[in-house]
Structure formats: structure tokens, C-alpha cells
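Just below is one structure, and these are the notes that go with it.
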Protein chains: 2
Amino acid sequence: MKKEVLIYGSVLGLLIIGLKFAEYRFLIHSHSFEIYAALIALLFTAVGIWAGSKFVKKKQVTVIKEVIVQAPSEFAVNENNLKHFNISKREHEVLTLMAQGLSNQEVADKLFVSLNTVKTHSSKLFEKLNVQRRTQAVQEAKKLGLVP
Amino acid sequence: MKKEVLIYGSVLGLLIIGLKFAEYRFLIHSHSFEIYAALIALLFTAVGIWAGSKFVKKKQVTVIKEVIVQAPSEFAVNENNLKHFNISKREHEVLTLMAQGLSNQEVADKLFVSLNTVKTHSSKLFEKLNVQRRTQAVQEAKKLGLVP
DNA sequence: ATCAAAATCATCCGAAAGGATGAGCTGAAA
DNA sequence: TTTCAGCTCATCCTTTCGGATGATTTTGAT
């Protein structure tokens, strides 16, 4: 930044010197003062605009634009909540299948256990999650990061 | 943008006129030309810098910074899928409450209709969504953006 | 080896859900 | 006016769920 200031300052100085020299040699004697004042004003306005834009470009405005990025692709079970609600491994399996929309019978078939077993697991799950229905259990499980 | 150009042009014009008037009245006879030329140059350089920075500020650099946003705070129903699956307004209400984990009876109470009515609605919903159970319906509805 | 937790399965019962079907009512479109 | 889709409610019946309870077996940790 300091370097730029020096450079621009020098350029301006040289321009002024050059102009004044030119005025002395070729202009001052043959034209009116007003015209040259106006020319100088215009010229240095242009120089100023150029310099000003150079300076301002440096401090660009940063606009932070929030973009919704894809949902976290890989799901990780919240082991913390699993412990907190004292949910066993088997219960978690049942919960996961339940959250996939399977019936108790289908869960039983998938896990190779009886329907009664699944009912026992799900009943305990409802207790632990403090819900009455499987739809609520699924909702809660998703909210707690227990299932995808 | 055109307005700004006009304003700045007018300001510059007025300044030049004012300066030249001042030069005539008080300055031209008592000081040397070089000093006033330099003053004019400096003044209009400043004006130019100011104008330049004004202009450049307009075309600010936009830096897009991707940020992972929690969950989409405001939910919008996917009207497209609603039509595609030919789901009526009332059915959608039932579906929404169902997705909140409510039982058919609770939905009936909320909508001030009988349990039978809710059962009819949900049955038709299952048909339309091509599912067998309410948990599956909820799953599907969420996937299709029908409910939050 | 022992003890506790987890997992398994069962029975009984009532509540909830779901399927099938029929029917009355209403508002909007043809 | 007729027609039709949507909403409502009902009945009958079957399946699924959920609660309560008790029992046996596995398993992991002390």
C-alpha cells in the first residue's frame, strides 16, 4: 500500500512539473489562462479518477452469501444419545428398521427373531424414548441422530 | 448510474466556474500562474479521487462463501409432487399431522372430524403414495417434500 | 464362578390401524 | 341443471401395535 502511494505521488509530481514546463515553453504566451486552468482541472480530474479507482479496487467488498450445501452425506450414529437413553445394540437395530417403515413382522424376519421379540424391543424403546407410537419413536430417533 | 454521471459532471462544472471566477477576482493579479495551476491540479486530483472511488464502489467484488446452513429453516411444500400424486388439500393436512406422530384419533380431534373420516383420508393417502403403513407414508412424504 | 444386563420368546388383552364398501352432502365446472 | 371431485361419516372385519408380565437363555464383566 505504501509503495502505491509513493508511486502515485511521484507520477502526479512529474505530471505537474511536466505540465508547468510545457506551459512555460509553448502555451502560456499564446493562450488565455482560463483555458489552461480548465485543461489542468480536467486532466487532473481524470488522473484523480484513475488513481481513486486504483486505490478502491484494493479494498474490495466481501459479500458473504450463504448457500445451502448438500445434507451431510454420511450419517453417523450419535453414540452419546444412544448411551444417554440406554438403548442396547439390538434395540437400536430394531429402531433403525422401524425407521425404514418396516412392520414389526418384517423387522422380525430381517433379524431372524420372533414377532414377540421385536414387540418386546419396541416396547422398551418406546419407554426409553418416552413416546407412545412408532411414528413418534421414528421422529424422535431422527431428531436425536439415532437413525439416518 | 447515468444520474451519478450527471451529478458528478455538474459538480465539476460548477467547481471550475467557481474557481475561475475566484481567480479573476482575487488571485490572478497577486500571485503567479504556476501556484494556481498546481492548486487547481491538486484540487481536481482530489475531486477525481473522490469521484473515482464513488464509481468503483458500485462494482464491488462479490465473494461467494459457501456455508453449511443448519436445516432449511422455512419449509416449502412441493406443490409439484402434490399435484403429481393427486393429493387433495384435506389429505395433505392429514398427512402433515400424521408426519408429526399423531394417531388417527388425534388427527381427527385436531381437524374436528370423525375418526372414520381420518381413516378414509389416510387410506386414500396410502394408495396414492403407494405405501402400506403410515410410517412409510411419512417417510415418502418427507422425501417428496410434502411435509417438513 | 457368579451376577446383571441383554436378548429371546410366550400369552393375554385392548387399542390402533388399515381395507373394503356404501352413502350423503357440497361447491365448482361443464 | 347435471356432473364430478372432494369431504364427510358409517359399518364390518382383519391385521398390527402396544402394554403387562413372566420365563429362559446368552453374554459380558467382576
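Chain letters run A, B, ... following the sequence lines, proteins first and then strands; every chain starts at 1. This structure is a prediction, so every number in the text was calculated from the model and none was measured.
- Heavy-atom minimum distance, A/Phe75 versus A/Gly145: CZ-O, 3.4 Å.
- Taking atom CD on B/Gln105 and atom P on C/dG18, their separation rounds to 14 Å, with Å as the unit.
- Atom-to-atom distance recorded for A/Ile87:CD1 and A/Leu146:CG is 4.5 Å, nearest 0.5 angstrom.
- A/Leu144 places none of its side-chain heavy atoms less than 4.5 Å from the side chain of A/Asn78.
- Salt bridge annotation for B/Lys143-B/Glu140: present, with a cationic side-chain nitrogen under 4.0 angstrom from a carboxylate oxygen.
- Under the rule for a side chain to side chain contact (heavy atoms under 4.5 Å, CB included), the partners of B/Glu79 that lie at least two apart in sequence or sit in another chain are B/Val77, B/Leu82.
- For the pair A/Leu125 CG and D/dG19 P, the computed distance is 11 Å after rounding to whole Å.
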Protein-nucleotides 26-29 of chain C N/O pairs under 3.5 Å:
none

> Going through the checks in order, is the side-chain contact (heavy atoms from CB on, under 4.5 Å) test met by B/Asp109 and B/Leu102?
Replying inline: CA-CA 10 Å; B/Asp109 292 343; B/Leu102 301 193; over 6 Å; no
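- Where the helix from C/dA1-D/dT30 to C/dA30-D/dT1 starts and where it ends, the local axes point in directions that differ by 50°; five pairs per end, rounded to 10°.
- A heavy atom closer than 4.0 Å to some atom of DNA chain C occurs in B/Arg134, these being the qualifying members of residues 134-148 of chain B.
- Atom-to-atom distance recorded for B/Thr135:OG1 and A/Gln136:CD is 13.0 Å, nearest 0.5 angstrom.
- Contacts of A/Lys89 classified as salt bridge (charged side-chain N to carboxylate O under 4.0 Å, His left out), with partners at least two apart in sequence or in another chain: none.
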> Which parts of nucleotides 3-14 of chain D does protein reach within less than 4.0 Å, heavy atoms only, written one letter per nucleotide 5' to 3' as B for base, S for sugar-phosphate only and - for none?
Replying inline: ---SSBBBB---
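- For A/Lys128, the side chain to side chain donor-acceptor pair (under 3.5 Å) test picks out A/Glu91, with sequence neighbours left out.
- The heavy-atom pair separating A/Ala99 from A/Val138 by the smallest distance is CA-CG2, 3.6 Å.
- Rounded to whole Å, atom C1' of C/dA17 lies 11 Å from atom CZ of B/Arg133.
- For B/Ser114, the side chain to side chain donor-acceptor pair (under 3.5 Å) partners two or more places apart in sequence, or in a different chain, are B/Thr117.
- At whole-Å resolution of the value, CG in A/Leu129 and P in D/dG18 are 12 Å apart.
- A/Gln139 is linked by a side chain to side chain contact (heavy atoms under 4.5 Å, CB included) to B/Gln100, B/Lys142, counting only residues two or more places apart in sequence or in another chain.
- Partners of B/Leu111 according to the side chain to side chain contact (heavy atoms under 4.5 Å, CB included) rule, which considers only residues two or more places apart in sequence or in another chain, are B/Arg90, B/Glu93, B/Val94, B/Leu97, B/Val107, B/Val113.
- Residues B/Phe112 and B/Met98 do not share a hydrophobic cluster, clusters being chains of Ile/Leu/Val/Met/Phe/Trp/Tyr side chains in contact below 4.5 Å.
- The side chain to side chain contact (heavy atoms under 4.5 Å, CB included) search around B/Ser103 returns A/Arg133, B/Gln105, B/Glu106, not counting sequence neighbours.
- Shown for residues 93-104 of chain B: no residue has heavy atoms falling under 4.0 angstrom of DNA chain D.
- Distance, B/Phe126 CZ to C/dG19 P: 7 Å, rounded to whole Å.
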